[in-house]
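The sequence lines fix the lettering, A, B, ..., with proteins before strands; numbering per chain opens at 1.
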2 protein chains.
Amino acid sequence: MSLRHGLLGLLAEGPASGYDLAGRFQEVLGMVWPAQHPKIYAELGKLADDGLIEVDSVGARGRKAYRITPDGLAEVRRWLTSTEVDHTMRLQALLRSVFFWLMPPDDLRRHLAAEETYYRQTADFYRQIAAAKDRGDYGDSPPTQAIRIAAEAGIRLHQALADWAEWAQTAPLSSDEDSD
Amino acid sequence: MSLRHGLLGLLAEGPASGYDLAGRFQEVLGMVWPAQHPKIYAELGKLADDGLIEVDSVGARGRKAYRITPDGLAEVRRWLTSTEVDHTMRLQALLRSVFFWLMPPDDLRRHLAAEETYYRQTADFYRQIAAAKDRGDYGDSPPTQAIRIAAEAGIRLHQALADWAEWAQTAPLSSDEDSD
DNA sequence: CTCGAACCTGTCCCTAAGGACATGTCCATG
DNA sequence: CATGGACATGTCCTTAGGGACAGGTTCGAG
């Protein structure tokens, strides 16, 4: 139930509406934990039922901001420190790589080159976030420092994948193109 | 629908039963694409309905082996070469890192040290697979070569995460422990 | 004043994933 | 011969995720 705790974690920074949280998931967490608004609104309702968050204010345009409760803060801390990390890595790119031998060599080279470009660009995107944080563009509050650490992971992960895609282009792989 | 294509890809290597495929997903694909047997049996049924696979043989203990059809082989190749790669990276460890500022510093250090150990061990696990393939323990058929490439990604990804966890232990991060 | 864009909240439905439960076979060991 | 473990297939049910649909508000530009 990571979405639940992701929501609690974001609300620990301060009150926010479902709309705000959907935006934050899009920009900050979009690449590591996608979440669409239908799921977010539903989960906010459940969190409120469980007393982990409560309505902070109702503003213009029906805007309903939630605030984390002491129970909610305790719950997100319990999750962070007392639960096992789920190390599942569901990467479609890696699943595909197991079947590279089914691709015509030219298609595979093109594919790997495109992947390399994508990963380098994404690594650069995270580098820009990291540079902005290091310049102090967003202050240096604890949440900002944590995002800097997350961005570092984004950089290293995508850099590793870019280097892998480059390496794979040189790796020997006889195709099985003729066998159908 | 990656499970569907993962199944087709594995069946492209030769006939296999649902039980075999569950084992392959466990050992080969378990870390990049977990799949339990209930999902596998259900999906095999649908693939057979769609004519992408067919029953190859029925053996002892009710064993039912499937064989990929020409349509199925064409479909997995179409998936590999003509569909967009889904680059979604749903990593709980990264989601958690955004909330590191909520953890007491001592807990965080312990957590990062444990994570580092886990990632180093997992990287070593992939290194052993890669070394075995390089020694030729499994021959050098195209599918084996592809798994070697996938293992390389496993090594690089987990090594990057281990280095990140090590780096994060030295990164400055003031906690927000007192604020509840 | 009107109209479109951004703001804001939700429901509905389908598929994917995963844990629990159920069933039966074959074989080796004691 | 009995019994446990690996082999083998499946159902059921709940939750998670994601696309489509639906509706209402505020504000700024023309």
Inset, instruction - Please determine if R110(B) and D107(B) form a salt bridge, counting it only when a charged side-chain N lies under 4.0 Å from a carboxylate O. - result: yes
Legend entry - Ionic contact status for R120(B) with D163(B), cut-off 4.0 Å: yes
Inset, instruction - Name the residue closer to the 5' end of DNA chain D, choosing between T88(B) and A65(B) according to the nucleotide with the nearest heavy atom. - result: A65(B)
Legend entry - Partner set under side-chain contact (heavy atoms from CB on, under 4.5 Å) for Y118(B), not counting sequence neighbours: H87(A), M31(B), T122(B)
Legend entry - Residue list, side-chain contact (heavy atoms from CB on, under 4.5 Å) with T117(A), at least two apart or on another chain: Q121(A)
Legend entry - Interatomic distance where NZ belongs to K64(B) and P belongs to dT25(C) [whole Å]: 16 Å
Inset, instruction - May I ask you to list the residues of residues 32-47 of chain B, by number, that have any heavy atom positioned under 4.0 Å from an atom of DNA chain C? - result: P34(B), Q36(B), P38(B), K39(B), K46(B)
Legend entry - Any residue of residues 78-87 of chain B with a heavy atom less than 4.0 Å from an atom of DNA chain D: none
Inset, instruction - Could you state whether V28(B) and W33(B) fall into the same hydrophobic cluster, counting links through intermediate Ile, Leu, Val, Met, Phe, Trp or Tyr residues with side-chain heavy atoms under 4.5 angstrom apart? - result: yes
Inset, instruction - Could you pull out all residues at least two apart from S2(A) that satisfy side-chain hydrogen bond (donor to acceptor under 3.5 Å, both in side chains)? - result: Q92(B)
Inset, instruction - Identify whether any heavy atom of R90(B) sits under 4.0 Å from a base atom; if not, whether one sits that close to sugar-phosphate; answer base, sugar-phosphate or nothing. - result: sugar-phosphate
Legend entry - Aromatic ring proximity, centroids under 6.0 angstrom, H111(B) and F100(B): yes
Inset, instruction - Determine, using ring centers only, whether H37(A) and Y19(A) are less than 6.0 Å apart. - result: no
Can you check nucleotides 27-29 of chain C for protein contacts, nitrogen or oxygen pairs under 3.5 Å, and list what you find?
none

